[in-house]
Amino acid sequence: MYKKFVLFLLICACLLPLKATAQVLTACIDDHPPYQVLGETPSGTHIDALRTLAKVLNKEIKFIQSPNFPRCVAFLESGEADVIAGLNPTEERQKFAFFAPFKKADALRVISKNGIMINTYNDFKNKLIGVSRGALYFPKFDKDVDLDKIEIQNVRIGFSLLLKDRIDLIMVSPAMLKTFSAEIEQANLIVSPIALEEMRNKETFFGISKMHKLKLKQTDILSKINQAYINKRFENTP
């Protein structure tokens with residue numbers, strides 16, 4: 001009996017260090033359907049990708065639910081969050097994060113009030129454009145100080161302002177376009193055919209904090225994510 005008890009203690013002693021060194025991947029998410037839907041159990045395509053990322057890195061996933069995207073970026077910069085899904089690389093962000101693609105970039109479409117058609121980039125001029133707080137669309141647009149842009153909390157609020165005739169247009173992905181399809185038809189809004197893909201990133205990225213707590217080298221993290229991307233692991237739900 002005594003020998004069995006000692007053996008039990010030795011097994012426990014061996015397991016304790018493994019548990020102590022177990023790591024979590026902390027991801028910051030905000031309300032951005034259908035990619036990220038907040039709740040007791042978050043859902044959405046980017047949420048699925050983050051869960052897959054945790055498996056790729058052999059970590060447990062932990063979500064920080066934020067009221068807005070800029071706060072997530074601030075958490076990434078401080079190291080409070082390890083990763084954000086759907087963060088476009090910029091020179092400023094590269095000071096505190098590194099990036100790895102996890103899917104091909106979605107297309108971008110324009111929803112505008114009846115009577116406003118956006119066929120070319122020049123058609124953006126003299127229009128009141130709702131832009132989601134902290135979001136980047138494509139460099140030419142993001143840096144264009146001559147356009148009339150108004151910051152909105154998120155696409156949901158932007159769509160509401162569009163229905164109330166407070167702004168002229170917003171830009172969304174086809175997936176988000178589908179989410180609002182019934183309201184678009186009912187309000188007689190216009191989905192403009194402008195092709196913006198040539199002006200945008202061709203991929204969607206994870207942004208990983210340079211102050212992450214994953215106990216992995218940056219090169220190892222990038223190698224694991226890039227291999228998973230090549231193997232199309234992020235295209236499948238966990």
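For reference, positions follow the sequence shown, starting with 1. This structure is a prediction, so every number in the text was calculated from the model and none was measured.
In this structure, L128 CG and I167 CD1 are separated by 6.5 Å, a value rounded to the nearest 0.5 Å. With values rounded to the nearest 0.5 angstrom, I170 atom CD1 is found 6.5 Å from F180 atom CZ. Atom NZ of residue K224 and atom OG1 of residue T219 lie 10.5 Å apart, to the nearest 0.5 angstrom. Note that the CG atom of N188 and the CG atom of N114 stand 4.5 Å from one another [nearest 0.5 Å].
With I29 as the partner, the side-chain contact (heavy atoms from CB on, under 4.5 Å) test is satisfied by one option alone out of V83, V37, I84, L50: L50. Between L57 and the options L214, T52, D220, a side-chain contact (heavy atoms from CB on, under 4.5 Å) holds for only L214. A side-chain hydrogen bond (donor to acceptor under 3.5 Å, both in side chains) with Y35 holds for exactly one of D48, D106, T45; it is D106.
Counting heavy atoms of neighbouring residues, nucleotides and ligands inside a 6.0 Å radius, atom NZ of K103 exceeds 12 of them. Dense packing is recorded around NZ of K210, with more than 12 heavy atoms of other residues, nucleotides or ligands lying under 6.0 Å away.
Panel note: side chain K213, backbone G79; a donor-acceptor pair is recorded below 3.5 Å. In terms of modelled atom types and a separation under 3.5 Å, the side chain of S160 and the main chain of R156 share no donor-acceptor contact.
Looking only at side-chain heavy atoms (C-beta outward), F206 and I225 come within less than 4.5 Å of each other. Looking at E80 and T26, their side chains never come closer than 4.5 Å, going by heavy atoms from C-beta outward. For the pair F124/K149, no side-chain contact is recorded, criterion being any heavy-atom separation below 4.5 Å from C-beta on. A 4.5 Å side-chain heavy-atom check between D30 and N154 finds every atom pair outside the cut-off. Within the 4.5 Å cutoff, side-chain heavy atoms of K59 are placed close to those of L216. Counting heavy atoms from C-beta outward, I221 and F98 have side chains that approach closer than 4.5 Å. In this structure, F69 and H32 have side chains that are not in contact, with every pair of non-hydrogen atoms separated by 4.5 Å or more. Counting only heavy atoms from C-beta outward, the side chains of I190 and I116 never approach each other to under 4.5 Å.
L147 and F138 fall within the same hydrophobic cluster, where Ile, Leu, Val, Met, Phe, Trp and Tyr residues are linked whenever their side-chain heavy atoms come under 4.5 Å apart, directly or through other members. Taken together through direct or relayed side-chain contacts under 4.5 Å among Ile, Leu, Val, Met, Phe, Trp and Tyr, M171 and I118 form part of one hydrophobic cluster. At a threshold of 4.5 Å between side-chain heavy atoms, the hydrophobic network of Ile, Leu, Val, Met, Phe, Trp and Tyr places I64 and L25 in two separate groups. Under the 4.5 Å side-chain heavy-atom criterion for grouping Ile, Leu, Val, Met, Phe, Trp and Tyr, F102 is not connected to L136 through any hydrophobic cluster.
Chaining together hydrophobic side chains whose heavy atoms lie under 4.5 Å apart leaves I230 on its own.
Remark: P89 engages Q94, F99, N201, F205 in a side-chain contact (heavy atoms from CB on, under 4.5 Å) (not counting sequence neighbours).
Applying the salt bridge (Lys or Arg N to Asp or Glu O under 4.0 Å) definition to pairs two or more places apart or across chains, those involving residues 110-126 are K113-D165, K113-D168.
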